[in-house]
Amino acid sequence: MKTHLNLLPFATQRSRQRSRWLRNALLLWGTTLICCVSYGHFQHAQLAEARAETAELELRCLPIRVATERSQVMQRELQRIASQLGEWDA
């Protein structure tokens, strides 16, 4: 078992301990920050890709939505005409 005798003054020892602690803390926080930023960038890229796909699907579905709306309008018109015919027959 090795024993070490530190002959530095107490203030210098404390200063070195604080600088070591600060260096380790900065390394930890820096690594955490880099990880968070890279994960956020990855999520942003996936979100942009999903939005682009959604916009493409919206454009592809637009004719179907227009046709559905026209069909609903025509059905309401046919129901109105049928009710008028029913009133005239009665």
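Counting from 1, the numbers follow the sequence of the chain as shown.
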Let me check something: any side-chain donor-acceptor pairs from residues 56-65 under 3.5 Å, sequence neighbours excluded? List them with distances.
unit_1 : atom_1 : unit_2 : atom_2 : d
E58    : OE1    : R65    : NH1    : 2.9

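- Rounded to the nearest 0.5 angstrom, R16 CZ and Q13 CD are separated by 8.5 Å.
- A distance of 10.5 Å separates OG1 in T54 from CD in E49, rounded to the nearest 0.5 Å.
- To the nearest 0.5 Å, the span separating CE on M74 from CD1 on I81 amounts to 10.0 Å.
- L85 CG to R80 CZ: the interatomic distance, rounded to the nearest 0.5 Å, is 10.0 Å.
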- Query: Could you go step by step and tell me if Q72 and T68 meet the side chain to side chain contact (heavy atoms under 4.5 Å, CB included) rule?
  - Reply: CA-CA 6 Å; Q72 290 173 351; T68 303; 3.9 Å; yes
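- At a threshold of 4.5 Å between non-hydrogen side-chain atoms, the residues V73 and E69 do not count as touching.
- From C36, atom SG reaches atom CH2 of W29 across 9.0 Å, with rounding to the nearest 0.5 Å.
- Going from atom CG of L26 over to atom CG of L33 covers 11.5 Å, rounded to the nearest 0.5 Å.
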